[in-house]
Amino acid sequence: MDCIYKDPNAAIEERVKDLLSKMTVEEKIGQMTQIERAVANPSAIRDRCIGSVLSGGGSRPFENAESADWANMIDGFQKGAVESRLGIPIFYGTDAIHGNNNVWGATIFPHNIGLGATRDADLVRRIGVVTALETRACGSQYAFAPCVAVAKDPRWGRFYESYSEDTEVVRKMTSLVSGLQGQPPEGHPYGYPYVAGRNSVMASAKHFVGDGATENGTNEGNTIASHDDIFNIHLAPYIDCIAQGVCTVMASYSSWNGDKMHSHRYLLTEVLKEKLGFKGLLITDWEALERLTDPHDADYRQSVKSTINAGIDMVMVPFRYELFLEQLLSLVESGEIPMTRIDDAVERILRVKFVAGLFEHPFTDRSLIDLVGCKAHRELAREAVRKSLVLLKNGKDPKKPFLPLDKTAKKILVAGTHADDLGYQCGGWTATWTGLSGRITVGTTIMDAIREMLGDKTEIVFEPNPTAETFASQDFSFAIVAIGEGPYCETGGDDPELKIPFNGTEIATFVADRVPTVMILISGRPMVIEPPLLEKVDAFVAAWLPGTEGAGITDVLFGDYPFQGKLPVTWFKTVDQIPMHVHGNSNPLFPFGFGLTS
């Protein structure tokens, strides 16, 4: 056969070798380029042989775009790719990090910190399966997940993207990779990428490496750590991902002892590719080349040279792709980047594309669209919420538990800024990059779930910010107060103080002074809990960022299911104790692994 690479029955490595031999230098560097959908069009993808398109955080076809709208857009880009000289398909990347969270109507799962509280690796794997189905339904074949950071400082704005401060918990939760990509068969070569079929997506272990341990929790900051700590604490989860055939690894914006990870040849090439045997592709983070220098973008050509020579295979450009292609071609022609390095990069990209079946099935399987947000998927998310809840206090007297709540109560108060806000429940990376307040997608708030649980038999008074008038002649059996953080992501979430915003402490204290109260904290991390507040509330539940299925909270509050969650992180008393973790300081407010069952 003239074109071995077009033969689905040929061995993948033979197909890679054949296609690589037919490519021009321009086509090769095109494959190393990932561009944002806002600057993508079918003709540019075709003419420049672009390797991949992505949606940056919250970048979508239009507001409230559903899966079919996404599929139309992505298939349009793919049409350009398959019409190129060699017909090399693109893969489309999206931040499907707690469900396919950019898409209206998708099932939104708890953020990773909540999943870490479940300690349930099989649950996380099943979440990966559902996330893959809903992601493929919109046309995307590539999820930028999982984040396997071992987070050591809750002041970090991405803390909730980590499963735990404990390496072993994070390692356990790498089961998401097998959920997203499918379980490799016995005997699958170690380090070789794997995708089970059209219902699975390529995964991305990120952010390599040490992103969770930067000084003072500064996003994109500097991790000061010994060689042993980097390997034993932060690198370990990547070994588990590689063993599961993870297709891609994403480099971190952060530095290790002052050296930027994106140009760290020792870790990227000598360790990840050579020592650990990773055969997939290594991708940059968003605009990472610009961020290599201080000030940003001070020497773009040098940034291209240092990242590619360090071992980066694909660059998330994402906008200035003409400049990137021009600079990369010039560096190859001058010999500053050897052709062997380009061939290694493109070989890895093509390998992943063949593994993922993109040459055989480049377009969206529209039959998956009906599964998006279906009852079974939402039931799984509800199960995840139930298992993620951590009960930190139950009753002022240990012999008299306050929970479960009475379903037959005549009159109750529901209060707090987070009781009826779906956007707050979901947090960052939902609908938009930073997240939003309000009815941002399809889902059930805590208030919706309370109404559903209690029906008409109980009078429910809802007051986000109660006043003395709220309690005038009111005889409440109990109050449910939901407070917490607003949505945020990345550097915008860096917070040196970690105080509960929106007067949350004041609201909860005001209510607890007047009626027996369970306080639910919606947050991506431990927050400062003032001693008088903890003393006054009758029960305290850490609900993390639970996503769209608020009924998982009422399932447990009202006793249909037990509390199971255990703290995935140490809960500090004051911020001056940070960093505080399981193998470090003593005297926390609640230790790592704490969680009452009743």
Side-chain angles (χ1 to χ4, degrees), residues 378-379 381-382 385-386 388-389 391 393-396 401-426 437-484 486 500 502-523 533 536-563:
R378 293 189 183 278
E379 281 300 321
R382 184 170 174 172
V385 174
R386 287 197 294 266
S388 71
L389 303 176
L391 180 59
K393 179 180 179 180
N394 190 18
K396 291 176 179 173
F402 183 68
L403 299 177
L405 298 173
D406 180 6
K407 291 182 190 175
T408 64
K410 288 200 164 51
K411 192 180 206 176
I412 68 166
L413 173 67
V414 179
T417 46
H418 289 56
D420 196 29
D421 196 308
L422 195 61
Y424 284 177
Q425 269 177 221
C426 292
S437 172
R439 294 273 170 182
I440 61 168
T441 188
V442 179
T444 304
T445 65
I446 298 168
M447 185 64 199
D448 295 333
I450 293 168
R451 287 194 183 107
E452 191 181 307
M453 175 70 75
L454 300 181
D456 299 332
K457 299 185 292 294
T458 301
E459 184 186 343
I460 302 167
V461 176
F462 174 51
E463 185 59 64
N465 201 345
T467 62
E469 206 173 295
T470 309
F471 295 92
S473 72
Q474 299 275 23
D475 186 20
F476 296 116
S477 299
F478 55 81
I480 299 170
V481 180
I483 56 175
I500 302 171
F502 309 116
N503 296 318
T505 297
E506 290 77 7
I507 292 169
T509 303
F510 183 79
V511 174
D513 274 338
R514 289 159 177 80
V515 65
T517 296
V518 54
M519 178 176 80
I520 301 167
L521 184 67
I522 304 289
S523 69
L533 173 61
K536 287 177 181 182
V537 297
D538 295 81
F540 172 28
V541 177
W544 315 108
L545 298 170
T548 52
E549 304 314 302
I553 294 175
T554 49
D555 282 344
V556 180
L557 279 186
F558 288 92
D560 288 356
Y561 292 84
F563 281 93

S.K.: Compare every heavy atom of L413 with every heavy atom of F476, then report the nearest pair and how far apart it is.
M.R.: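 So the two residues come closest at CD2-N, 3.6 Å.
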
S.K.: Taking side chain to side chain contact (heavy atoms under 4.5 Å, CB included) as the definition, give me every residue that meets it alongside S523, ordered by chain and number, with sequence neighbours left out.
M.R.: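 Checked S523 against side chain to side chain contact (heavy atoms under 4.5 Å, CB included); matches are E485, L521, M527.
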
S.K.: With a 4.5 Å cut-off on side-chain heavy atoms, are R378 and V442 touching?
M.R.: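 Side chain of V442 against side chain of R378, heavy atoms only: contact under 4.5 Å found.
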
S.K.: Listed by chain and number, what are the side-chain hydrogen bond (donor to acceptor under 3.5 Å, both in side chains) partners of T408, not counting sequence neighbours?
M.R.: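 In terms of side-chain hydrogen bond (donor to acceptor under 3.5 Å, both in side chains), with neighbours along the sequence ignored, T408 is linked to D406.
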
S.K.: Got a sec, which residues hit side-chain hydrogen bond (donor to acceptor under 3.5 Å, both in side chains) with S437, two or more places apart in sequence or on another chain?
M.R.: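 Once residues adjacent in sequence are excluded, the partners of S437 under the side-chain hydrogen bond (donor to acceptor under 3.5 Å, both in side chains) criterion are D421.
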
S.K.: Which is it for V541 and I553 under the side-chain contact (heavy atoms from CB on, under 4.5 Å) test, yes or no, and what are the steps along the way?
M.R.: CA-CA 10 Å; V541 177; I553 294 175; over 6 Å; no

S.K.: Quick check: closest heavy atoms across G486 and F502, and the distance to 0.1 Å?
M.R.: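 Nearest pair, atom of G486 first, then F502: N-CE1, 3.4 Å.
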
S.K.: Could you grab the distance from atom CE of M447 to atom CG of L422, nearest 0.5 Å is fine?
M.R.: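 Going from the CE atom of M447 to the CG atom of L422 covers 14.5 Å.
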
S.K.: For residues W544 and S388, report the shortest heavy-atom separation together with the two atoms involved.
M.R.: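 Minimum heavy-atom contact is NE1-O, 3.1 Å.
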
S.K.: Could you check if a side-chain atom of Q425 sits within less than 4.5 angstrom of a side-chain atom of I446, using non-hydrogen atoms only?
M.R.: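 Answer yes - side chains close enough.
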
S.K.: Name every donor-acceptor pair, under 3.5 Å, that has one atom in a side chain of residues 504-512 and the other anywhere in the protein, sequence neighbours excluded.
M.R.:
unit_1: T509; atom_1: OG1; unit_2: T505; atom_2: O; d: 2.7

S.K.: Would I480 and T554 count as a side-chain contact (heavy atoms from CB on, under 4.5 Å) here? Give the steps.
M.R.: CA-CA 10 Å; I480 299 170; T554 49; over 6 Å; no

S.K.: Can you measure from CG (L389) to CD1 (I520) and round to the nearest 0.5 angstrom?
M.R.: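 Going from the CG atom of L389 to the CD1 atom of I520 covers 8.0 Å.
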
S.K.: Considering residues at least two apart in sequence or located in another chain, which fulfil the salt bridge (charged side-chain N to carboxylate O under 4.0 Å, His left out) criterion with R386?
M.R.: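 Once residues adjacent in sequence are excluded, the partners of R386 under the salt bridge (charged side-chain N to carboxylate O under 4.0 Å, His left out) criterion are D555.
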
S.K.: Kindly compute the distance separating OG1 (T470) from CD (Q474), expressed to the nearest 0.5 Å.
M.R.: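 Reported to 0.5 Å precision, the distance equals 7.5 Å.
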
S.K.: Under the ring-ring contact (aromatic ring centres under 6.0 Å, His included) definition, can you give me all pairs with a residue in residues 438-465, not counting sequence neighbours?
M.R.: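 Qualifying pairs: none.
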
S.K.: Using salt bridge (charged side-chain N to carboxylate O under 4.0 Å, His left out) as the criterion, list what pairs up with K407, not counting sequence neighbours.
M.R.: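 Per chain and number, K407 pairs via salt bridge (charged side-chain N to carboxylate O under 4.0 Å, His left out) with D560.
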
S.K.: Dump the intermediate steps for side-chain contact (heavy atoms from CB on, under 4.5 Å) on I522 and L545, then the final yes or no.
M.R.: CA-CA 6 Å; I522 304 289; L545 298 170; 4.0 Å; yes

S.K.: Return the minimal non-hydrogen interatomic distance between A551 and A449, and the atom names on each side.
M.R.: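 Looks like CA-CB, 3.5 Å.
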
S.K.: Rounded to the nearest 0.5 Å, how far does CG of L391 lie from CG of L403?
M.R.: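 It is 6.0 Å, given to the nearest 0.5 Å.
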
S.K.: Under the ring-ring contact (aromatic ring centres under 6.0 Å, His included) test, which residues partner Y561, sequence neighbours left out?
M.R.: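 Applying ring-ring contact (aromatic ring centres under 6.0 Å, His included) to Y561 gives none.
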
S.K.: Who passes salt bridge (charged side-chain N to carboxylate O under 4.0 Å, His left out) against R451, sequence neighbours left out?
M.R.: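 For R451 there are no salt bridge (charged side-chain N to carboxylate O under 4.0 Å, His left out) partners, ignoring immediate neighbours.
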
S.K.: Decide side-chain contact (heavy atoms from CB on, under 4.5 Å) for F540 and L533; before the verdict, give the C-alpha distance in whole Å, the side-chain angles of both, and the deciding distance to 0.1 Å.
M.R.: CA-CA 10 Å; F540 172 28; L533 173 61; over 6 Å; no

S.K.: Which residue pairs pass the salt bridge (Lys or Arg N to Asp or Glu O under 4.0 Å) test when at least one of the two sits in residues 459-472, sequence neighbours left out?
M.R.: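 Non-adjacent pairs meeting salt bridge (Lys or Arg N to Asp or Glu O under 4.0 Å): K411-E459.
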
S.K.: What pairs with D420 under salt bridge (charged side-chain N to carboxylate O under 4.0 Å, His left out), at least two apart in sequence or on another chain?
M.R.: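 Applying salt bridge (charged side-chain N to carboxylate O under 4.0 Å, His left out) to D420 gives R439.
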
S.K.: What pair of heavy atoms forms the shortest contact from A419 to V414, and how long is it?
M.R.: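 Looking at all heavy atoms of both residues, the shortest contact is CB-CG1, 3.7 Å.
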
S.K.: Only counting residues at least two apart or in another chain, list the ones meeting side chain to side chain contact (heavy atoms under 4.5 Å, CB included) with F402.
M.R.: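 Listed in chain order: N394, L405, F478, P516, V518, D538, A539.
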
